[in-house]
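Structure first, then comments.
Order of listing sets the numbers, starting from 1, for every ligand and every atom in it. FYI, side chains are in, hydrogens and waters are out, and symmetry mates aren't considered; it's all heavy atoms of this structure.
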Amino acid sequence: MGLNYYHIKKNILRARKLVIKSTSIAGSGHPGGSFSMAEILGCIFYKYLKFDPKNPTWEDRDRLVLSKGHAAPGLFSNMAVAGYFPESELETLRKFGSKLQGHPDLKCPGVEFCGGSLGTGLSYSIGVALAAKIDNKDHHVYTIIGDGESDEGQIWEASMTASKYKLDNLTVFLDRNFIQQDSYTEKVMPLDEVLNGDNISEMWKDASRWKTGDKWRSFGWNVIEIDGHRIEQIDSAISKALATKGLPTIIISRTIKGKSVEHMEDNPAWHGKAPDKDVVPLINLELDSQFMIAPSIIAGDMTNLENEVKRCVNGRADYIHLDVMDGQFVPAKTFDHTKIKELRPLTVIPFDSHLMIDEPVKHVRNYVEAGSDIITVHTEVCDESSFGEIHDLLKQNQVGVGLAINPDTNLPEWSYKFLPTLDQLIVMSVVPGKSGQKYIPETHDKMKQLGPILKNHNFRGYIEADGGVNLENIGSCFEDGARAFVGGSAIIGQSDVRQTIRDFRDQVLKARRKVLIEQAHQLGGPDLVNKWIGLHVVGEKKDQITKIAKEENLI
Ligand code: DX5
Ligand code: ZN
């Protein structure tokens with residue numbers, strides 16, 4: 001069963017937008033901590049949690065306990081996306097009489113615990129997990145605690161209790177965002193090490209300084225440490241936790257407070273503050289502009305693809321792009337599903353299989369079974385009926401559905417009906433067949449023409465730019481609407497994959513900042529541009545964005 005990466009990702013995006021909407025209407029609330037746990041909640045809700053929104057007290061449901069209750073907007077938004085109540089109800093957040101208060105309350109059907117008095121949610125979860133054991137029930141308890149909350153002695157008392165009673169039906173996430181209400185956790189009460197200065201990224205980067213896992217291990221827990229914004233890592237951690245017998249699991253998830261909105265990221269001020277209404281459209285645009293970098297391993301050593309996958313892992317790639325060529329659809333031959341199956345155990349990073357093969361309908365099942373997370377087939381070798389078959393098979397197996405078009409192919413009309421449920425559209429910017437070719441500049445015009453068609457047909461997936469993408473043109477590909485970027489020769493062909501991916505990200509970030517201030521200018525002239533820039537107070541962001549705004553004559 002695939003990860004269902006796109007489905008989870010889409011719901012997380014929807015939930016994040018609802019957090020922004022609801023807190024901004026309320027004029028208060030906690031977006032920062034809602035965003036640091038957004039991927040964790042998304043993965044729990046849309047892949048693991050057993051629940052029935054129509055019967056919230058169903059006895060066999062799994063229990064989700066938000067101990068860090070101030071992040072209620074994150075919980076409520078996901079509950080709305082999951083169907084507990086209409087999304088419009090979030091507009092009542094923090095209003096008198098609403099069931100959606102500043103902290104979760106049992107008044108709201110589906111809420112398991114009145115979180116907010118920090119430190120108590122874990123003890124409560126232990127009670128629930130113990131009761132399940134006594135009653136011979138096999139539901140699971142998922143609990144999210146905060147790192148500021150870990151200042152409470154009760155957390156550590158509870159920790160001893162859970163291991164004493166061998167609560168393997170309890171999985172705890174520590175949302176390790178390094179920030180609590182007043183400051184950085186490592187200044188207030190360090191879990192890892194005292195932080196001197198304000199550079200929180202230091203702590204993030206230096207794994208040798210992380211001691212929190214040792215603490216929990218010494219308390220008798222199964223400890224898993226992950227990047228809490230990587231869906232695939234959360235997924236793998238939960239499945240390991242569920243398979244662990246005889247002890248409780250804590251998943252220490254390194255996260256970023258305010259993740260996905262640059263000016264909120266790592267800024268303690270956004271612990272408990274709502275965005276102003278005039279910046280909400282800009283924040284939504286920023287949320288819609290999340291992007292992914294996908295190195296293509298065929299640009300490396302074809303005799304040692306295992307090593308190329310490892311280079312992608314070390315480089316922190318978002319996807320691994322696998323170019324399958326059969327010697328028929330394109331003259332060259334690379335590898336097939338057997339190789340993908342061999343590579344699969346090397347990493348949990350999603351496999352983005354790009355099938356440049358004839359008659360994909362005959363072979364696609366092999367690529368599902370090999371462990372692809374996303375499979376893209378070419379329109380040139382499909383028609384409505386065969387693609388329909390492929391589409392349904394992939395959806396049934398929780399695998400992302402992609403369609404690709406060659407440089408001289410237009411999106412065929414038969415494909416329009418699939419656009420609302422399509423996860424990815426690859427717009428080839430070279431004639432497929434090999435890596436290392438030059439980007440075809442006409443692709444930019446093609447992307448402009450595609451924009452309205454995709455919009456009109458409700459396409460909500462990612463456009464992937466594939467072929468000749470490099471540091472010079474990636475910014476313009478972003479401006480065209482691409483949100484996933486394949487890099488063969490420009491990434492895998494380089495000696496330092498990690499630095500190159502960082503450079504790729506920086507270029508996209510620059511283009512995104514430009515798009516955002518252009519939008520700010522359109523919506524509110526130089527005043528809004530200045531306001532937007534002024535929000536970016538952490539690190540050097542403000543200077544960098546000001547520079548772009550000046551270059552573009554927007555201030
Ligand atoms: C083209 C493939 C691409 C290509 C990428 O046939 O689909 O994925 O190999 O490599 P570069 O980035 O070098 O064009
Ligand atoms: Zn490709």
Using 30° and 60° as the class boundaries, would you call the ring planes of [X] and [Y] parallel, tilted or perpendicular?
X: H536; Y: W532; result: perpendicular
X: H457; Y: Y416; result: tilted
X: H378; Y: H354; result: parallel
X: F478; Y: F291; result: perpendicular

Looking at K259, R16, R230, which hits salt bridge (charged side-chain N to carboxylate O under 4.0 Å, His left out) with E39? R16
As a test of reading the model: which N/O atoms of the protein lie under 3.5 Å from N/O atoms of ligand 1, and at what distance?
from, atom 1, to, atom 2, distance (Å)
ligand 1, 6 (O), G433, N, 2.8
ligand 1, 7 (O), D323, OD1, 3.0
ligand 1, 7 (O), H354, ND1, 3.3
ligand 1, 7 (O), D466, OD2, 3.1
ligand 1, 8 (O), H321, NE2, 3.4
ligand 1, 8 (O), D323, OD1, 3.1
ligand 1, 8 (O), D323, OD2, 2.7
ligand 1, 8 (O), D466, OD1, 2.6
ligand 1, 8 (O), D466, OD2, 3.2
ligand 1, 9 (O), D323, OD2, 3.4
ligand 1, 12 (O), G488, N, 2.8
ligand 1, 13 (O), G436, N, 2.8
ligand 1, 13 (O), S489, N, 2.8
ligand 1, 13 (O), S489, OG, 2.7
ligand 1, 14 (O), G468, N, 2.8

Is the F504-F485 ring centre distance short of 6.0 angstrom? no
Heavy-atom nearest pair, M292 first then Y462, reads CE-CE2, 3.0 Å
For W414 and L403, the nearest pair of non-hydrogen atoms, with its separation, is CH2-CD1, 4.5 Å
Contacts of the Zn ion (ligand 2) with protein N/O/S atoms, counting only those under 2.8 Å: H321 NE2, D323 OD1, H354 ND1, D466 OD2
Is there a side-chain contact between I44 and F173 in this structure, where contact means two heavy atoms from C-beta onward sitting under 4.5 Å apart? yes
